[in-house]
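What follows is one structure encoded as structure tokens, with my remarks underneath.
Every value quoted in this text rests on a predicted model; they were computed, and no experiment measured them.
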Amino acid sequence: MRIATWNVNSLRVRLGHLLDWLKMARPDVVCLQEIKMQTEDFPFDAIGEAGYEAAVYGQKTYNGVAILSKLPIEEVVQGFAGEEGQSRLIEAVIEGVHVISAYCPNGESPRSDKFQYKKRFYAALRAHLDGLGKSSLPLAICGDFNIAPQAQDVWDPKEAAKQCGFHPDELAWLAHLTAWGLHDSLRLVDDKGGQYSWWDYRTGGFRKNQGMRIDQVWVSDGLKNKVKKAWIDTEPRGWDKPSDHTPVLAEIAM
DNA sequence: ATGTCTTATATAATAAGA
């Protein structure tokens, strides 16, 4: 199963990119974040013509997540206890694998109230996994975590540690989440640093490759030994009018 | 501090979120 995650930063604007990319990359499952539309506005027809079912949890203006799949989607659950009114999580079962698309809060700055929301969200996400069971469960949680796991995942770790995305507090929240029994799929197969999934529009970060690896595919203990490949596809970030994020993929033996 | 992009309101600029 080839599983991908992509924060598209508005599906209305990025539908063309998504359809082009689905043809090129041929993922079986795609977790989307920041679709920024209500569920009823989701382009079910275009996605269906591309060969994918869709489970969607939208919201007006902000946030919004979805799971696309070539394989049948079962047991869809929209949302969880930690969202506080924002559409940030959808889960489903596909070929016996529990798949979660998550859009974790940005946090704005360590002094912001939104930073405390991010903390609560992470604690609730861990509690949610505990509620699902033990990490022997075959599970992949994919999305924009808005935290880079390691210093090698950040172009300027010293500066980033003072802001959102690589702050020491955030690393502790992420560590607590993944202590449930999650593994960063890229790091199971590749220890190379300097690989990013997001580059800031404002600083022209992509041209300078000044980015952060804040999007990940995490797999449970139950899937750890089945990860055959994991990579970041930087190509769509170079297209005209791109999302600020690029797709991240993992190949899981079934 | 700045840079850019997206959405909403509203029909031109601004504000908010990222």
Look at the aromatic rings of A/Phe80 and A/Phe121 and report parallel, tilted or perpendicular, splitting at 30° and 60°.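 The rings of A/Phe80 and A/Phe121 stand perpendicular, inter-plane angle above 60°.
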For A/Phe115 and A/His167, take the angle between the two ring planes, folded into 0 to 90°, and tell me which bin it lands in: parallel under 30, tilted 30 to 60, perpendicular over 60.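 The arrangement is perpendicular - the two ring planes meet at more than 60°.
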Just N and O in the side chain of [X]: are any of them under 4.0 Å from OP1 or OP2 of [N]?
X	N	value
A/Thr61	B/dA8	yes
A/Lys114	B/dA16	no
A/Lys241	B/dT6	yes

Gap between atoms CZ and P, on A/Arg202 and B/dT4 respectively (whole Å): 10 Å
Nucleotide of B/dT6, B/dA18, B/dG3 approaching A/Val13 most closely (side-chain heavy atoms):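 For the A/Val13 side chain, the nearest candidate turns out to be B/dT6.
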Go through B/dA16, B/dT6, B/dG3 for me and flag the one nearest to the A/Ser10 side chain. B/dT6
Under the 6.0 Å and 45° cation-pi test, does A/Lys241 pair with A/Trp239? no
Using a 4.0 Å heavy-atom cut-off, does A/Phe206 contact any base of the nucleic acid, only the sugar-phosphate backbone, or nothing at all? nothing
What's the gap between B/dA10 and B/dA16 when it is taken at their P atoms, as a whole Å value? 15 Å
For B/dA12 and B/dA1, measure between their P atoms and round to the nearest Å. 34 Å
